[in-house]
Amino acid sequence: MTARVAVVGEALVDLLWPTGSRTARAVPGGSPANVAVGLHRLRRPVTLLTSWGDDPPGALVGEHLARIGVEVVRLPTEGPARTTVALAYLAENGSAHYDFLTSWAPAALPLPEDTAVVHTGSLAVAVDPGASRVLELARQQRALGRMVVADLNVRPAVRPDRAAYRALAERLAEEVRVLKASDEDLGWLYPERGTEEAAETLRALGPELVVVTRGPQGALGLTAAHRIAVPAPEVRVVDTVGAGDAFQAALLDALATRGAVPTEPEELRRVLTRCARCAALTCAREGADPPTRAQLDGTESL
């Protein structure tokens, strides 16, 4: 298990505000940071390339990543750096709606030399000036033969122009070998199309595999030749924060292990089933708290 995954993107502070509460709780997060934590818990070599400010939210982020032990490259930024803060409104069913105070302006994106898989997505591909640099990094790395993977994790709050966001998603699809999106992502980007039609639109632009997460309906994998659907395991849902990131960590772990995109039906079904289990175990705990490899494999209780 030596293949390293480099995760490029934001680390931030989520202010979790439950419906009916008068107070919010600050917890460190950010989709790319959560993915890196998930990979670390799966014992996958991982480096997180991110940035945060010298401010109270940044101190929380730095302490969190150091405590977990994730290898971090804190990127230099253009101008004064500040830490991104997300306000996460938690509905009674555990789902979250986000607003953001963003900052993403990395001056350089130096990948570790032993990187085998590059992952990005979320705010890192939506907030300029960093987003343009990340897209260029993806193009360069795919040209060099590295596996490039992205999770759209659409955030309309930071880019409300639907047409512009759709164009960005389509440019990203052209540069990656594997693209993940949720059914909610695709529904917002392509409101006039069904989930599978929207996913196929993105797959036709270049990815060998498009994965769609569908909450309690499980997940769907689309290749040029196959459509594979897997169910979501039944769990008592505490909240859904970090579930998609846990799914993505398990997917990246599988890609790094194989060194190739799983396109044969049974192999893809096994990979997606494991990813869905990883997401479900995260839903059974509060916040972005992904399982360890032993917990995912069932050799250790939660």
Side-chain angles (χ1 to χ4, degrees), residues 3 5 7 31 34-35 38-39 42 44 116-122 125 138 142 146-154 169-170 172-190 193-235 240 242-283 290-291 296-297:
V5 179
V7 177
S31 176
N34 291 342
V35 169
L39 284 162
L42 295 177
R44 170 63 52 188
V117 179
V118 181
H119 165 73
T120 191
S122 195
V125 296
R142 186 168 184 179
R146 280 179 169 147
M147 186 179 297
V148 182
V149 184
D151 180 1
L152 282 180
N153 207 12
V154 171
E170 292 175 353
L172 182 63
E174 294 172 351
E175 307 299 350
V176 302
R177 291 180 63 187
V178 179
L179 182 67
K180 180 174 91 65
S182 69
D183 52 0
E184 292 181 352
D185 293 337
L186 297 177
W188 190 84
L189 289 172
Y190 299 98
R193 303 183 190 183
T195 298
E196 289 189 40
E197 183 185 359
E200 179 57 29
T201 296
L202 292 171
R203 192 208 60 76
L205 294 173
E208 297 168 46
L209 171 65
V210 170
V211 175
V212 182
T213 54
R214 304 187 292 181
Q217 280 72 54
L220 177 67
L222 289 150
T223 70
H226 303 290
R227 173 197 175 280
I228 302 296
V230 301
E234 291 189 11
V235 295
T240 64
D245 302 326
F247 185 106
Q248 187 72 1
L251 179 59
L252 289 163
D253 182 57
L255 294 170
T257 296
R258 288 160 174 77
V261 178
T263 55
E264 291 304 312
E266 288 312 307
E267 182 185 21
L268 181 54
R269 189 181 306 278
R270 284 193 296 271
V271 168
L272 294 179
T273 297
R274 190 167 190 265
C275 294
R277 172 172 164 77
C278 195
L281 292 177
T282 304
C283 289
L296 181 57
D297 292 342

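Sequential numbering from 1 along the given sequence is applied to the chain's residues.
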How close do [X] and [Y] get, counting heavy atoms only, and between which atoms?
X      : Y      : value
Ala246 : Pro290 : CB-CB, 4.1 Å
Leu186 : Ala198 : CB-CB, 4.0 Å
Cys275 : Leu251 : SG-N, 3.3 Å
Ala249 : Leu39  : O-CD2, 3.3 Å
Ala280 : Val235 : O-CG2, 3.5 Å
Ala169 : Leu152 : CB-CD2, 3.8 Å

Please round to the nearest 0.5 Å and tell me the distance separating atom [atom1] of [X] and atom [atom2] of [Y].
X      : Y      : atom1 : atom2 : answer
Asp151 : Asp245 : CG    : CG    : 6.5 Å
Glu200 : Arg227 : CD    : CZ    : 11.5 Å
Gln248 : Leu255 : CD    : CG    : 8.0 Å
Leu272 : Glu267 : CG    : CD    : 10.5 Å
Glu196 : Thr201 : CD    : OG1   : 11.5 Å
Glu175 : Glu170 : CD    : CD    : 13.0 Å

Can you find a pair of side-chain heavy atoms, one from [X] and one from [Y], that are under 4.5 Å apart?
X      : Y      : value
Ile228 : Leu220 : no
Val148 : Thr120 : no
Val118 : Met147 : no
Pro207 : Leu202 : no

Considering the options Thr263, Leu268, Leu222, which one meets the side-chain contact (heavy atoms from CB on, under 4.5 Å) requirement together with Leu209?
->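 Result for side-chain contact (heavy atoms from CB on, under 4.5 Å) with Leu209: Leu268.
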Check ion pair Arg274-Asp253 (N to O, under 4.0 angstrom) |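 Asp253 and Arg274: salt-bridged.
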Identify whether the distance between the nearest side-chain nitrogen and carboxylate oxygen of Glu208 and Arg177 falls below 4.0 Å.
->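 A salt bridge is present here (some side-chain N lies under 4.0 Å from a carboxylate O).
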Start with the C-alpha distance between Asn153 and Lys180, add both sets of side-chain angles, then the distance that settles side chain to side chain contact (heavy atoms under 4.5 Å, CB included), and finish with yes or no.
-> CA-CA 8 Å; Asn153 207 12; Lys180 180 174 91 65; over 6 Å; no
So, the side chain of Asp185 versus the backbone of Val154: is there a donor-acceptor pair under 3.5 Å, distance only?
-> yes
Got a donor-acceptor contact below 3.5 angstrom from the Arg277 side chain to the Phe247 backbone?
-> no
Chi angles and distances behind the side chain to side chain donor-acceptor pair (under 3.5 Å) call for Thr195, Asp183 | CA-CA 6 Å; Thr195 298; Asp183 52 0; 5.5 Å; no
Please step through side chain to side chain contact (heavy atoms under 4.5 Å, CB included) for the pair Val149 and Val176, ending with a clear verdict.
-> CA-CA 5 Å; Val149 184; Val176 302; 5.9 Å; no
What do the steps show when you test Arg269 against Val230 for side chain to side chain contact (heavy atoms under 4.5 Å, CB included), and what is the final call?
-> CA-CA 7 Å; Arg269 189 181 306 278; Val230 301; 3.9 Å; yes
Applied to residues 211-224, the side-chain hydrogen bond (donor to acceptor under 3.5 Å, both in side chains) test, sequence neighbours excluded, yields none
